[in-house]
Protein chains: 2
Amino acid sequence: MANDIPDIVIGRLPVYLRALRRLAQDGEKATTSSQELGERLGISSAQIRKDLSHFGEFGKQGTGYHIDYLIEQLRHILHLDVEWPVVLVGAGFLGHALASYGGFHRRGFRIVWIFDNDPEKIGVKMGGILVQPVEELEDTVRAEKARVAILAVPASAAQEITDILVEAGVQSILTYAPISLVVPENVQVQYSDPVVQLQRMTYYLHP
Amino acid sequence: MANDIPDIVIGRLPVYLRALRRLAQDGEKATTSSQELGERLGISSAQIRKDLSHFGEFGKQGTGYHIDYLIEQLRHILHLDVEWPVVLVGAGFLGHALASYGGFHRRGFRIVWIFDNDPEKIGVKMGGILVQPVEELEDTVRAEKARVAILAVPASAAQEITDILVEAGVQSILTYAPISLVVPENVQVQYSDPVVQLQRMTYYLHP
DNA sequence: TAGATTGTTAATCGATTAACAATC
DNA sequence: TAGATTGTTAATCGATTAACAATC
């Protein structure tokens, strides 16, 4: 069963989910509409309705979408009704920031292992988690069946660590290294390179 | 003169640039081809040629693209032949990681101001830069004509800080806050929310 | 010359939007 | 009932790709 639903649609669902959670938190109303959501996100209401219609009928004519119900549906679609344990590789400043970030909790993820190759870092606690030697990465991933990883290592180490992660069974990698990774097609990669993101904007700045 | 060239094309150029710089650094050859580049990036060669053709003719039949020359052209197109001073708001762990990141240098950016609202942080040096009180943000941005900002503040502060930045003249914002920002249409925003990125991948994981 | 690879065209493929019947 | 808003259709719009003449 291959994937019927466009990647680009899947990519928007977490953004919808985030906006819905905000609406739920504000607690002003129990329902919202594709129009209201679209205005907040800068997306057309038709697109939101179309995206959601790939998965079912979640709204009611005349009233819109029940916020809590739609949140539950999106969580289910995105497989967020379980908490995913995450392996973090790289315990530099960025690794430290990620390990200490409170935002994973309740949104589906928890960093539970941290690895680094620097003897100074090994044994240190970050976000309450002990930093382990990278030599143990492969065995740990395999034994614990970790499927989600975050890469916060220098470009020079990124492909090598990726190969280890993939070999050990990781299927989803969020990478901060400024390099394009080569992975098998069943492995998902999301890139976060601040420089690339900044460079996407300077085109529009007239010097 | 409005923008003729699709956003999606602009978005790929920094990725091409990054790959080209890697090739230049390896120093094995002076030229590359759309095919080689495409294989490294997982993009079709036709797309690379098409993207570049929006801006001119940079290659030669039979030999491909001269790497250094194409790098220079892309830098020029993306307005990276000047170094952009960047204002960073938020001096938490993430702000610290960004301030200490060596990767901005030589890729077109330099963080030169850091602001925070925490008295404990103000006066501290991060990446060699003094953290200043957020009360001075607006005046500094205006006086120094900063046009690029990075937001590393909690969701609760993000829209408020955004409004100040926009009011003071910032036109490009890279935000790490887990919230959709509302900005005028002449302001560019790039989002980096690790949870959203992870959530985009769990859809493809079968629990 | 033979081989390689560009830039571009036209065809294909895919995504977005406008509009509206259905219905809460 | 009147007003609002969904889910869906068909039309439009835009992006990608295959193919190839041009030419280095």
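Residue numbering restarts at 1 for every chain, and letters A, B, ... go by the order of the sequence lines. Scope of the values below: all heavy atoms of this structure, side chains included, with no hydrogens, waters or symmetry mates.
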What stems show up for DNA chain D when you take Watson-Crick pairs (N1-N3 plus N6-O4 or O6-N4) and G-U wobbles (N1-O2, O6-N3), both under 3.5 Å, and require three or more consecutive pairs? C:3-24 with D:3-24

Should B:Leu78 and B:Pro14 count as side-chain neighbours, where that means a heavy-atom distance under 4.5 Å? yes

Examine C:dC24: is either OP1 or OP2 under 4.0 Å from a nitrogen or oxygen in the side chain of A:Tyr65? Give yes or no. no

Roughly how far apart are B:Tyr191 OH and A:Gln197 CD, rounded to 0.5 Å? 11.5 Å

B:Asp51/B:Arg12 under salt bridge (Lys or Arg N to Asp or Glu O under 4.0 Å): CA gap, chis, key distance, verdict: CA-CA 8 Å; B:Asp51 284 353; B:Arg12 281 190 292 260; 2.7 Å; yes

What closest approach, in Å, do A:Phe115 and A:Val131 show between heavy atoms, and which atom pair accounts for it? C-CG1, 4.3 Å

In sequence, state the C-alpha distance, the side-chain angles, and the governing distance for A:Asp7 and B:Tyr203, and then conclude on side chain to side chain donor-acceptor pair (under 3.5 Å). CA-CA 10 Å; A:Asp7 280 3; B:Tyr203 172 76; over 6 Å; no

Nearest whole Å is fine: how far is C:dT5 C1' from B:His66 NE2? 17 Å

How long is the span from the OG atom in B:Ser192 to the CD atom in A:Gln190, to the nearest 0.5 Å? 10.0 Å

Using a 3.5 Å cut-off and no angle test, enumerate the donor-acceptor pairs between side-chain atoms of residues 90-107 of chain A and protein atoms at least two apart in sequence or in another chain.
unit_1   : atom_1 : unit_2   : atom_2 : d
A:Ser100 : OG     : A:His96  : O      : 2.8
A:Arg107 : NH2    : B:Asp193 : OD2    : 2.9

What is the separation between atom NE2 on A:His54 and atom C1' on D:dG7, rounded to the nearest whole Å? 12 Å

Under a 4.0 Å N-O cut-off, is there an ion pair linking A:Glu36 with A:Lys29? yes

If I take atom CD1 in residue A:Ile67 and atom P in nucleotide D:dT5, what distance separates them, rounded to the nearest angstrom? 13 Å

Roughly how many Å is it from CG in A:Leu52 to P in D:dT5, rounded to a whole number? 16 Å

Which letter, B, S or -, goes with each nucleotide of nucleotides 8-16 of chain C from 5' to 3', with contact meaning a protein heavy atom under 4.0 Å? BB-----SS

Whole-Å distance, B:Gln61 CD to C:dA2 P, equals 19 Å

Counting just side-chain N and O atoms, does B:Ser33 come under 4.0 Å of either OP1 or OP2 of C:dA4? no

Write down the distance between NZ (A:Lys29) and P (D:dT5), rounded to a whole number of angstrom. 10 Å

Side-chain contact, heavy-atom cut-off 4.5 Å: A:Val134 with A:Ile161? yes

From CD of B:Gln35 across to P of C:dT6 the rounded distance in Å is 8 Å

Within the structure, does a side-chain N or O atom of B:Thr63 lie under 4.0 Å from either OP1 or OP2 of D:dC24? no

Of B:Ser45 and A:Lys60, the one whose closest nucleotide on DNA chain C sits nearer the 5' end is B:Ser45

